[in-house]
Amino acid sequence: MKNELALKQRIAELEKLLAQKDALIAALEERWRLAQQKQFGKSAEGFVAYFGDSEQ
């Protein structure tokens, strides 16, 4: 009985840790997405538009 309680507590601890890691991953993915937009967003659009106009 005591072992079962310890296992349930350990599962709860691991589930909490997993939720924290999931939240961290989601935050890092969002930062990555925003950094990609900042790096390639406007300048990449201008670059494509420039070459698109010159080909016509």
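Remember, it's a predicted structure, so these values are computed and weren't measured experimentally.
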Task: side-chain hydrogen bond (donor to acceptor under 3.5 Å, both in side chains) partners of residues 2-15, not counting sequence neighbours, each pair once - done: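 Sorted result for residues 2-15: Glu4-Lys8, Arg10-Glu13.
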
Open item on the list: Out of the candidates Arg31, Gln36, Glu29, Gln37, only one should pair with Arg33 under the side chain to side chain contact (heavy atoms under 4.5 Å, CB included) rule; please name it.
Closed with: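 Among Arg31, Gln36, Glu29, Gln37, the one that satisfies the side chain to side chain contact (heavy atoms under 4.5 Å, CB included) with Arg33 is Gln37.
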
Task: Approximate separation, where rounding is to 0.5 Å, of Leu7 CG and Ile11 CD1 - done: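 Taking CG in Leu7 and CD1 in Ile11, the distance rounds to 6.5 Å.
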
